[in-house]
Amino acid sequence: MADELALQLDHLTLNVGDLARARRFYAAVLAPLGLEVVGERPAEGPGDAALVGFGIGRKGNLWLAARGRQEPAGHFAFRAASRQAVRAFHAAALAHGGSDNGPPGIRHAYHPAYYAAFVIDPEGHNVEAVCFDPE
């Protein structure tokens, strides 16, 4: 049987209206979760988009594409290594242009160990950090 907490999405691409602003926001909020910029590519021709990738090492897990604001906005969650990392994610988001959409805390309706925080990024996406480990 697979460990439900080990299952992962390989990568996700978000279209954004302001790539520089989104890059700054995600660089700040993903740092407490251990992710950093792992790749950047300028637009190479008509219909192509500039990209910024965030991940660990050489692997990009979140890619931002300068294709215009994505509508409707989406919701996605990042796994955090600790509850402290969830709190740091939330604080960084608020300090870098995000808005609160649920402060750090247990979400009993989801699971008794579901510790998460939610923010709305500058592009309108509902971004979450979650940890299942005790304090």
Side-chain angles (χ1 to χ4, degrees):
M1 183 168 118
D3 177 5
E4 76 255 352
L5 297 181
L7 299 175
Q8 296 182 7
L9 178 69
D10 185 72
H11 65 276
L12 170 72
T13 301
L14 293 179
N15 295 330
V16 297
D18 186 335
L19 186 61
R21 178 182 67 184
R23 183 191 190 286
R24 286 189 304 273
F25 176 82
Y26 281 99
V29 303
L30 296 179
L33 306 180
L35 286 84
E36 62 186 2
V37 173
V38 296
E40 295 187 70
R41 192 193 82 191
E44 296 174 344
D48 197 15
L51 297 169
V52 176
F54 293 86
I56 298 172
R58 63 182 183 169
K59 175 69 177 89
N61 299 104
L62 173 66
W63 289 90
L64 305 176
R67 291 191 180 106
R69 190 177 179 116
Q70 187 169 313
E71 296 290 340
H75 167 71
F76 51 96
F78 290 94
R79 182 77 45 79
S82 67
R83 291 182 179 193
Q84 175 54 38
V86 171
R87 292 188 291 272
F89 158 88
H90 188 260
L94 298 183
H96 290 87
S99 58
D100 179 45
N101 198 32
I106 292 286
R107 303 302 196 269
H108 293 286
Y110 300 160
H111 185 279
Y114 200 106
Y115 188 89
F118 301 81
V119 297
I120 302 298
D121 79 0
E123 296 280 332
H125 298 288
N126 181 16
V127 187
E128 174 185 355
V130 60
C131 177
F132 289 88
D133 294 337
E135 195 75 50

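As a basis for the values below, the full set of heavy atoms in this structure was taken, side chains included, without hydrogen atoms, waters or symmetry mates.
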Self-check item: His125 side chain to Gly74 backbone, donor-acceptor under 3.5 Å
Solution: yes

Quiz prompt | Residue pairs involving residues 88-97 (criterion salt bridge (Lys or Arg N to Asp or Glu O under 4.0 Å); sequence neighbours excluded) | solution = none

Quiz item: Would you say Phe76 and Val38 are hydrophobically clustered, going by side-chain heavy atoms of ILVMFWY under 4.5 Å?
Solution: no

Practice problem: Only counting residues at least two apart or in another chain, list the ones meeting ring pair (Phe, Tyr, Trp, His ring centres under 6.0 Å) with Phe25. | Solution: none

Quiz prompt | Listed partners of Leu19 passing side-chain contact (heavy atoms from CB on, under 4.5 Å), at least two apart | solution = Val16, Ala50, Val52, Leu64, Ala66

Self-check item: By salt bridge (Lys or Arg N to Asp or Glu O under 4.0 Å) - contacts of Asp48 (at least two apart)
Solution: Arg41

Self-check item: ring pair (Phe, Tyr, Trp, His ring centres under 6.0 Å) involving Tyr114 - partner list, sequence neighbours excluded
Solution: Tyr110, Phe132

Quiz item: Is any side-chain heavy atom of Asn126 less than 4.5 Å from a side-chain heavy atom of Ile120?
Solution: yes

Quiz prompt | Nearest atoms (heavy-atom pairs only) where Ala77 meets Val130 | solution = CB-CG1, 4.5 Å

Self-check item: Distance-minimising heavy-atom pair for Ala65 and Thr13
Solution: CB-CG2, 4.0 Å

Exercise. Considering non-hydrogen atoms only, spot the tightest contact between Pro122 and Gly97 and give its length.
Key: CG-O, 3.8 Å

Quiz prompt | Heavy-atom side-chain proximity of Glu123 to Leu14 below 4.5 angstrom | solution = no

Practice problem: Flag the pair Asp10 / Lys59 as yes when at least one side-chain heavy-atom distance between them is below 4.5 Å, and no otherwise. | Solution: yes

Exercise. Not counting sequence neighbours, which residues clear side-chain contact (heavy atoms from CB on, under 4.5 Å) with Leu33? List them please.
Key: Leu30, Leu35, Phe78, Ala80, Ala85, Phe89, Ala129

Quiz item: Which heavy atom of Ala49 sits nearest a heavy atom of Arg67, and at what distance?
Solution: CB-CG, 3.5 Å

Quiz item: Which residues pass the salt bridge (Lys or Arg N to Asp or Glu O under 4.0 Å) test with Glu128, sequence neighbours left out?
Solution: none

Quiz item: How would you list, by chain and number, every residue that makes a side-chain hydrogen bond (donor to acceptor under 3.5 Å, both in side chains) with Arg87, sequence neighbours excluded?
Solution: Gln84, Tyr115, Glu135

Exercise. Identify, with sequence neighbours excluded, every residue that meets side-chain contact (heavy atoms from CB on, under 4.5 Å) alongside Ala20.
Key: Asp18, Arg24

Exercise. Heavy atoms only: give me the nearest Val86-Pro104 pair and the separation to one decimal.
Key: CG1-CB, 4.3 Å

Exercise. With sequence neighbours left out, write down each residue that passes salt bridge (Lys or Arg N to Asp or Glu O under 4.0 Å) with Glu40, or none if nothing qualifies.
Key: Arg23

Quiz item: How far apart are the C-alpha atoms of Val127 and Phe118, what are their side-chain angles, what is the distance that settles it, and do they pass the side-chain contact (heavy atoms from CB on, under 4.5 Å) test?
Solution: CA-CA 6 Å; Val127 187; Phe118 301 81; over 6 Å; no

Quiz item: Any idea which heavy atoms bring Val119 and Ala93 closest together, and the distance?
Solution: CG1-CB, 3.6 Å

Exercise. Apply salt bridge (Lys or Arg N to Asp or Glu O under 4.0 Å) to Arg69 and list each qualifying residue two or more places apart in sequence or on a separate chain.
Key: Glu71

Quiz prompt | Sequence-distant partners of Ala28, side-chain contact (heavy atoms from CB on, under 4.5 Å), two or more places apart | solution = His96

Quiz prompt | Under 3.5 Å: donor-acceptor pair, side chain of Arg83, backbone of Pro134 | solution = no

